Amino acid sequence: MPCDSSVISSDNSNSNNNNEKEKSKKSDDSSSSSLGDFKLNESTFLASLMPKKEIGVDRFLHSNPNYDGRGALIAIFDSGVDPAVDGLQVTTDGKPKILDVIDCTGSGDIDTSKVVKADADGCISGASGASLVINTSWKNPSGEWHVGYKLVYELFTEDLTFRLKKERRKKWDEKNQEEIARAVKQLDDFDQKHIKVEDGKLKRVREDLQNRLDLLRRQSESYDDNGPVVDAVVWHDGDVWRAALDTQSLEDDPDCGMLANCVPLTNYRIERKYGVFSKLDACTFVVNVFNNGNVLSVVTDCSPHATHVAGIAAAFHPKEPLLNGVAPGAQLISCKIGDSRLGSMETGTGLIRALIAAVEHKCDLINMSYGEATLLPDYGRFVDLVNEVVNKHRLIFVSSAGNSGPGLSTVGAPGGTSSSIIGVGAYVSPAMAAGAHCVVEPPSEGLEYTWSSRGPTADGDLGVCISAPGGAVAPVPKWTLQRRRLMNGTSMASPSACGGTALLISAMKAEGIPVSPYSVRKALENTADPIGDLPEDKLSTGQGLMQVDKAFEYIQKCQNFPCVQYQINIQQSGKTRPSSRGIYLREPSACRQTTEWVVEVNPKFHEDASNFEEKIPFEECIELYSTEKTVVKTPDYLLLTHNGRSFNLVVDPSNLCDGLHYYEVYGIDCKAPWRGPIFRIPITITKAKATTNQPLQVSFSNMLFQPGHIERRYIEVPHGASWADVTIKSSGFDTPRKFYIDAVQMCPLQRPLKWEKAVTFASSGAKSFAFRVISGQTLEIVISQFWSSGIGSHESASVNFEVVFHGIKVNQEELLLDGSEAPVRIDAETLLVSEELAPVAILNKIRVPYRPIDSKICALSADRDKLPSGKQILALTLTYKVKLEDGAQVKPHIPLLNDRIYDTKFESQFYMISDSNKRVYSRGDAYPSSSNLPKGEYNLQLYLRHDNVQILEKMRHLVLFLERNLEEKDVIRLNFFSQPDGPLMGNGSFKSSILIPGMKEGLYIGPPQKEKLPKNSQQGSVLIGAISYGKLSFSDQQEKNNPEKHPASCRISYVVPPNKVDEDKGKGSSISTKKTVSERIKEEVRDAKIKVLGTLKQENDEDRLEWKELAASLKLEYPKYTSLLAKILEGLVSRSNIKDKIHHDEEVIGAANDVIDSVDREELAKFFALKNDPEDDDAENTRKKFESIRDQLAEALYQKGLALAEIESLKLADLTWCILSKDLDAKEDVDSEKSTDGGGSHPDLFEENFLELKKWVDVKSSKYGILTVTRERRSKRLGTALKVLSDIIQNDVEPAKKKLYELKLSLLDEIGWKYLATYERQWMLVRFPPTLPLF
């Protein structure tokens, strides 16, 4: 996710753009118009908004005005840059600023594989169904037009969509209120005209008027704007692919946005042109056409983040030079890695395609202000490809370190954890604080932002390389309706550093100095200004605040030295694994003894380095230094050649005091000591304070805090502890103070276990919390006062902090109940102090396993999915069939792939859940989210990418779980027992007891009762939940009853066993046993013949003739058998491609009459008038038989009614046509037929049929309600018809039926509610899309 900490708009309001896992705690909520004692004039104020002086840019450009980034090309890996904003149009030397804009995620892709041709009027049918007029001036030699469509909100950000919905709702409400007023007037006029309504027809007329009013009011309450539809057209003009969008649905003026008036665009890199959807949204877009016109990528940004980042790096404002970015002469390409379908989350697909684009464009630098937590540093598919890009193609990769500080080891991937990437921390200067942040009294000196992530990495690397200004006022997209905005975060520090590096690239190219990421990084690190006075400050700031001018001087002096990266590989003596990039002694046992380490230094050249000119001659005499020889001992010298060299060093932390200690071993070139360290080995030691007193608690008293101050404490968590209670007390201050409390522990192959809390004290007081701990491990407690909190006050806040450890140790942390009736034994003990053992366990989720029903591997398009190495990326699509018996909130769970983006060897994952209508209900990637699905059947498609077909082949049968939250009433609370037979016997219940240190206590947890299992639980499904054992010192009753709220809760699972055998299975029917064998054979032969009839297809005339002959034969053989006649009717109704509809309807009526005549309705009515005994098997079987006959009768009446109505409608249409064409003879024929069929004094056959149906079924039910709708429509009671139809749709639990919504549209058109019809047509493409969207 983007690594910006907060976004502050022009009205000083705050909003958070953090990863959902990185809390909004890191926001800057301090603002004021007063600047206190720090005096600014206009120029210094403007300069503080875009800080450059802090990193020496002013000095560098003063000496080298033409080295302002010219010749440097930066790839912005982010959320997508708006190419229309001021400052991103041209460079300082007049070249175009942005060379390409690419959506690497595929979130803007439109399937344009459908090809159409224009008719004689120059119109084509768009993919949405709209008729589109082609501009006659557009060149298209082939005459082929590729069409597709997109719901425009899928291209917009959440903020923009919210604004547009608000605007559109306002206009929609105006139209709806007009119709409501008209409906009220019509009803009022009727009531005044008919004071007393007794006539049935008048009652129904009034009911119709009332229904219209009710529908309009209900529509206002259920309004849900899914947004306008944009039709896309793609064609080849003989030279390039071009695209145009029809945006008419976004405009109020029907003449605006028409396709023919659109200016066609081609791939942005060719002509560098963009479009705007409409004046209302002001959203810029560009297009790129891929796969021979079959895919159109419409590129929009998914947040203002990227534009802001690009502005910091390279904005050029000719009239406002103080607001220029760091490298105004640099050019950019925008690579969108944030997926609009996922908010702005990066995806593996986006990351890999962005790397491909950066290499293809021959970029010099990459800036990536995105990142996530990781369990393995410097590892994964993306990191492997980054290494290739940096080492082979010499790109310099700059990235944000993250916003999860101030705890140690909080740097994120890839910026803070990857050796080939320059990770950047966020710095704030006094000028930035006074100007950009408008604080009352800025700090006296610069400091790292409180939230900036800290090193070291899990394998001991420093984590943060350098620091740069982490806040700026920079351009934002035009759809925000403002020019620029303040944002702060390591997201802003990274482009500041990247822009500064672009200045160096510009200078190096101009002076003919070879550009290498190795030499540039060394220059940046060795010339940075240190921030802070303590050695351990490097873990926060890296080597310090970058200085561009000094770095260039360094590069000039070192230009004749080899371009080498010194790769460090360290292993502890006596161990073969794991290796590391630094030494990190964190746990208590490692800090109590002397350890010896083997350090291997490998000079790494670029791939194109010459063996004879560079590798063989390489030899350096290196003097080794230790920053503290009493702790870290090292040899004095090292002779290093191309093949590398190893040496030993000894670390003795035994005499160190408690706390954080940081040292370095570094190598100096004996022949050129002025080069500074050519490699560094970071050594971090956290010496923990042992907890020995009883009760086991640790207190830290009278810690004094000023703004930005950080206190770190390290505690050895006692063995047996599983959670800690903490209390913070603050006093001695005059203004409110904001503190952050972070608790961090490290475990192998896991992400740091981190707990964090933001605490604000308006006055002196105390607050208490509890969090999970791991026994025997070092716990880091970090208390920090936010950098801008308390500014302006000269009083220090005094803080007392107390930690009390608790714990109940059990013999197995994660419990698995295997599905049997046997309970599971738990042995519990406390090793610390007496604790109350009060176990609570619940099962509140179920995971159902699925295997794919289909799998396909295909090669992707070479124009954006071919790696720099030449390998083609392949895609595996797995399809899973899912059936939900009830609506539920579900979430896919893929244990192999979930929760990893960077620390995985798999390239990408993406899933879609759709129903039988192809409506997409949910999308997701590595971090699946829950979504509400109604009852029904769904397809879940999982999309995996990799260039290795063997890896994809292994995943063809990948198991996926669908996780469903149980409703509160279905949550299973498990029982505990003191005896092994307790669950079976129902006694020996265990509630609670007091555990005494040194004494174990046993108890049993029983399996859930079978009748409490969720219905339709499949064998092999897993019920999961949580179990807790101890009682918290402070918690409410709700927390006590919910083990998930307990910080030391563990997971518990129950495997659903096979279902019990149905006791009734195999029992024969009592009726069938009374029949003779001969009778049963005849019935089975008859039923088999009918079954064959039902299987015959009727796709052509020959098939229909065969079916007709068999139907006639069977009808002769079984003339009054209702089931056969019903099957014949069913066959007629199922026919498609009917030419003579009236003749077909007459056949249906005839077949329906056969069914009706075969039923003894009097006997049927008598049976349903009687009450049957459900326990009588004979009576129950008879009931089922008569219910079947009733259903067949009702279906026949229903189909007959539909056929009668359709004949009437078709003849009325013929009559209308005759009148319009003035064919009076034909009109007389139609009138004659109408009179014969039911006009004049003849009975109304439809009405008679309807009343008969009404005797047997609920004619307003979802199954038969369409006939009621038809009846009301015949009577011109359109409001009642629409109400009945709306109720049918709302109450239908099956997937949406297209014919119902098409009928609704026709009724809305007939009533004249055009705005509602437009609304429903937009929803049609959501409910019934013609195809699934692209991945």
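These numbers come from a predicted model, not from an experiment.
A donor-acceptor distance shorter than 3.5 angstrom exists from the side chain of Ser1275 to the backbone of Arg1271, with no hydrogens or angles considered. Judged by distance alone, the side chain of Gln1098 and the main-chain N or O of Gly1131 form a donor-acceptor pair under 3.5 Å. Within the 3.5 Å criterion, the main-chain N or O of Leu860 finds a donor-acceptor partner in the side chain of Gln872. A donor-acceptor contact shorter than 3.5 Å is absent between the side chain of Thr105 and the backbone of Gly350. Here the side chain of Arg163 pairs a donor or acceptor atom with the backbone of Leu280 at under 3.5 angstrom. Proximity of a side-chain donor or acceptor of His1144 to a complementary backbone N or O of Ala1203 within less than 3.5 Å is not detected.
Between Glu179 and Arg182 there is a salt bridge, since a side-chain N of the basic residue sits under 4.0 Å from a carboxylate O of the acidic one. Contact check on Arg341 versus Asp109 returns no salt bridge, with no Lys/Arg side-chain nitrogen under 4.0 Å from an Asp/Glu carboxylate oxygen. Salt bridge present: Arg1135 and Glu1147 bring a charged side-chain N and a carboxylate O closer than 4.0 Å. Using a cutoff of 4.0 Å between basic side-chain nitrogens and carboxylate oxygens, Asp1145 and Lys1141 are not scored as salt-bridged. Using a 4.0 Å cut-off between a side-chain N of Lys or Arg and a carboxylate O of Asp or Glu, Arg168 and Asp225 qualify as a salt bridge. Looking at Lys165 and Glu158, no side-chain N of the basic residue comes within less than 4.0 Å of a carboxylate O on the acidic one, giving no salt bridge. Contact check on Asp1101 versus Arg1104 returns a salt bridge, with a Lys/Arg side-chain nitrogen under 4.0 Å from an Asp/Glu carboxylate oxygen. Salt bridge absent: Asp301 and Lys336 never bring a charged side-chain N and a carboxylate O closer than 4.0 Å. In this structure, Lys150 pairs ionically with Glu154, as a charged nitrogen and a carboxylate oxygen lie closer than 4.0 Å.
Taking the ring axis of Tyr943 as reference, the NZ or CZ atom of Arg945 does not stay both within 45° of it and closer than 6.0 Å to the ring centre. Cation-pi contact between Arg218 and Tyr223: absent, since separation from the ring centre below 6.0 Å together with deviation from the ring axis within 45° is not met. Remark: Arg919 is not positioned above the aromatic ring of Phe1328, lacking an NZ or CZ atom under 6.0 angstrom from the ring centre and at most 45 degrees off the axis.
For Ser128, the side chain to side chain donor-acceptor pair (under 3.5 Å) partners two or more places apart in sequence, or in a different chain, are Asp231. Taking the side-chain contact (heavy atoms from CB on, under 4.5 Å) definition, one finds that Lys1263 meets it with Glu1195, Ser1261, sequence neighbours left out. With sequence neighbours left out, Asn291 forms a side chain to side chain donor-acceptor pair (under 3.5 Å) with no residue at all.
Aromatic pair Tyr268/Tyr274: centroids not less than 6.0 angstrom apart.
Ring-plane geometry between Trp235 and Trp138 is classed as parallel, the angle between the planes falling under 30 degrees on a 0 to 90 degree scale with a further cut at 60.
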Next item on the list: For the pair Tyr153 and Asn226, evaluate side chain to side chain donor-acceptor pair (under 3.5 Å) and give the outcome as yes or no after the intermediate values.
Entry: CA-CA 7 Å; Tyr153 286 173; Asn226 264 284; over 6 Å; no

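Checking Asn211 against Thr1280 by side-chain atom types alone, a donor-acceptor pair falls below 3.5 Å. Asp82 and Thr284 share a donor-acceptor pair across their side chains, judged by distance under 3.5 Å alone. The closest side-chain donor-acceptor pair between Asp281 and Ser278 falls under 3.5 angstrom. Side-chain contact annotation: Arg1273 with Ser1306, donor-acceptor N/O pair under 3.5 Å present. Between the side chains of His361 and Asp100, at least one donor N or O sits under 3.5 Å from an acceptor N or O. For Asn140 and Ser142, the side-chain atoms include at least one donor-acceptor pair closer than 3.5 Å. Looking at Asp224 and Trp1323, their side chains never bring a donor and an acceptor atom within 3.5 Å of each other.
Within the 4.5 Å cutoff, side-chain heavy atoms of Ile1289 are placed close to those of Lys1304.
In Asn1137, the CG atom is not crowded: 12 or fewer heavy atoms of neighbouring residues, nucleotides or ligands sit closer than 6.0 Å.
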